2 protein chains.
Amino acid sequence: MPDLLTIGELSARSGVAPSALRYYERLGLIRADRTGGNQRRYARAELRRVAFIRISQQVGVSLDEIREALDSLPEARTPSPQDWARLSASWRSRLDERIRLLTKLRDDLDGCIGCGCLSLQRCTLNNPEDTLAGEGPGARLVLPRPTDDPTLAGSLS
Amino acid sequence: MPDLLTIGELSARSGVAPSALRYYERLGLIRADRTGGNQRRYARAELRRVAFIRISQQVGVSLDEIREALDSLPEARTPSPQDWARLSASWRSRLDERIRLLTKLRDDLDGCIGCGCLSLQRCTLNNPEDTLAGEGPGARLVLPRPTDDPTLAGSLS
DNA sequence: CCTTGAGTTGAAGTGCACTTCAACTCACAC
DNA sequence: GTGTGAGTTGAAGTGCACTTCAACTCAAGG
């Protein structure tokens with residue numbers, strides 16, 4: 001019934017490199033039992049955690065926030081489908097927002113392709129929220145700072 | 001008619017930190033004339049280049065690729081609206097693809113919230129392209145590697 | 001028993017996109 | 001002329017998400 005996975009097996013199943021799995025463990029995102037010889041053995045439930053981690057990353061959430069989310073899971077029992085649903089749902093608005101922003105960017109880009117602008121005059125690309133008055137002449141570009149959004153910033157890093 | 005901008009002015013107008021502008025210059029993304037005292041002076045046209053850079057980053061393009069795109073602009077003359085339109089349009093399919101992926105992720109997440117799964121069985125979240133057969137039992141998770149996409153990997157860095 | 005592939009560790013390295021720092025110089029208003 | 005805020009440089013540092021490495025141990029088949 002335990003049916004534990006080695007790190008190689010979890011890696012193959014999850015598509016996540018062993019080094020990344022060890023890294024996740026260091027950050028407290030997943031956990032493993034150990035054999036007498038100190039090797040990791042993962043419960044099958046860890047597969048779901050890894051799945052959640054990868055999905056969350058696609059939503060643009062940092063590992064730190066993912067850890068916080070995972071910390072909210074009950075420790076006493078194996079998380080239920082409802083537990084996972086709750087966590088997944090918590091990213092929903094973030095995902096919506098990212099989709100909205102990208103869609104707006106696309107439409108604006110279409111408009112600008114039409115008008116050939118990319119200029120600093122009244123183009124919504126350069127004045128996204130129409131909030132530029134009162135800070136001297138000239139419009140601001142795009143988003144003031146991409147610092148916080150890994151999706152858009154490239155660092156995206 | 002020249003009407004050159006200092007780095008502080010370009011920074012204020014573009015919303016990009018002076019240190020980032022110098023960094024862009026090192027990478028060959030923008031250029032500046034120099035005063036007798038070695039200070040940078042930017043032609044107004046550089047504002048469009050910076051606008052293009054920030055927009056491109058939001059699309060999820062790396063600075064390296066942005067540089068390549070900018071290199072395709074004519075050197076002899078100031079880029080025309082059509083030049084900028086061509087470059088912007090070149091990101092379009094990428095933007096579409098990113099929007100498509102995120103929308104799919106959202107819908108899948110909705111489905112999984114409904115079914116409460118996040119399991120490794122037949123859930124499209126875990127088997128995005130239905131391309132898992134032939135590599136042993138068990139499904140793969142999500143995307144095999146997030147390595148190449150700064151949008152999804154968490155790095156806009 | 002022995003080989004071999006898989007696993008272990010901590011420390012260091014990578015790539016990207018910047019930022020910070022120290023030490024110095026410019027440009028401009030008064 | 002002088003003070004001050006803005007600008008200059010190269011080198012080093014940052015944050016994130018990992019990967020790589022060297023040196024070593026484990027586990028399982030023959």
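What you see is a predicted model; the values in this text were computed from it and never measured. The chains referred to below are lettered A, B, ... by the order of the sequence lines, with proteins before strands, and numbering in each begins at 1.
Comparing R26(A) and G37(A) along DNA chain D, the residue whose closest nucleotide (by nearest heavy atom) sits nearer the 5' end is R26(A). Between R41(A) and L21(B), the one whose closest nucleotide on DNA chain C sits nearer the 5' end is R41(A).
The side chain of T6(A) lies closest to dG7(C) when the candidates are dT8(C), dC18(C), dG7(C). Listed candidates were dG7(C), dA27(D), dT8(D). Nearest to the side chain of T35(A) is dA27(D). Among dA27(D), dC18(D), dT8(D), the nucleotide with an atom closest to any side-chain atom of Q57(A) is dC18(D). When distances run from any side-chain atom of I7(B) to the nucleotides dC18(D), dT9(D), dG7(D), the shortest one goes to dG7(D). Of the candidates dA17(C), dT19(D), dT9(C), dT19(D) carries the atom nearest the A17(A) side chain, counting heavy atoms from C-beta on.
As rounded to whole Å, 10 Å separates atom C1' of dC18(C) from atom CG of L27(B). Taking atom CG on N38(B) and atom P on dA6(D), their separation rounds to 19 Å, with Å as the unit. Atom CG of D64(B) is separated from atom P of dA17(C) by 8 Å (rounded to the nearest Å). If you take OH of Y23(B) and P of dG13(D), they are 17 Å apart, rounded to a whole angstrom. The CG-C1' distance, from D33(B) to dC26(C), rounds to 17 Å in whole Å. Note: CG (L10(B)) to P (dG7(D)) measures 10 Å, nearest angstrom. Going from atom CD1 of I66(B) over to atom C1' of dA17(C) covers 11 Å, rounded to whole Å. Atom CG in L5(B) sits about 16 Å away from atom C1' in dA27(C), given to the nearest Å.
With salt bridges taken as basic N to acidic carboxylate O contacts below 4.0 Å, one links R100(B) and E97(B). Electrostatic pairing of D107(B) and K104(B) does not count as a salt bridge here, judged by no charged N lying under 4.0 Å from a carboxylate O. Under the 4.0 Å criterion applied to side-chain N and carboxylate O atoms, R94(B) and E65(B) are assigned as salt-bridge partners.
Donor-acceptor pairing under 3.5 Å is lacking for the side chains of D96(B) and S93(B).
An OP1 or OP2 oxygen of dG7(D) is reached within less than 4.0 angstrom by no side-chain nitrogen or oxygen of R40(B). In terms of phosphate contacts, R22(A) brings no side-chain nitrogen or oxygen within less than 4.0 Å of OP1 or OP2 of dA6(C). Between Q39(B) and dC24(C) there is no side-chain N or O to OP1 or OP2 distance below 4.0 Å. At the phosphate of dA17(C), neither OP1 nor OP2 sits under 4.0 Å from any side-chain N or O atom of R67(B). Put simply, Y24(A) has a side-chain N or O that comes within less than 4.0 Å of OP1 or OP2 on dC18(D). Between S19(B) and dT20(C) there is no side-chain polar atom (N or O) within less than 4.0 angstrom of OP1 or OP2.
In this pair, W91(B) and F52(B) present their aromatic rings parallel. The plane angle is below 30°, not in the 30 to 60° band.
Looking at heavy atoms from C-beta onward, Q39(A) lies out of side-chain contact with T6(A) at the 4.5 angstrom threshold.
Counting non-hydrogen atoms under 4.0 angstrom, R34(A) reaches the backbone sugars and phosphates but no base.
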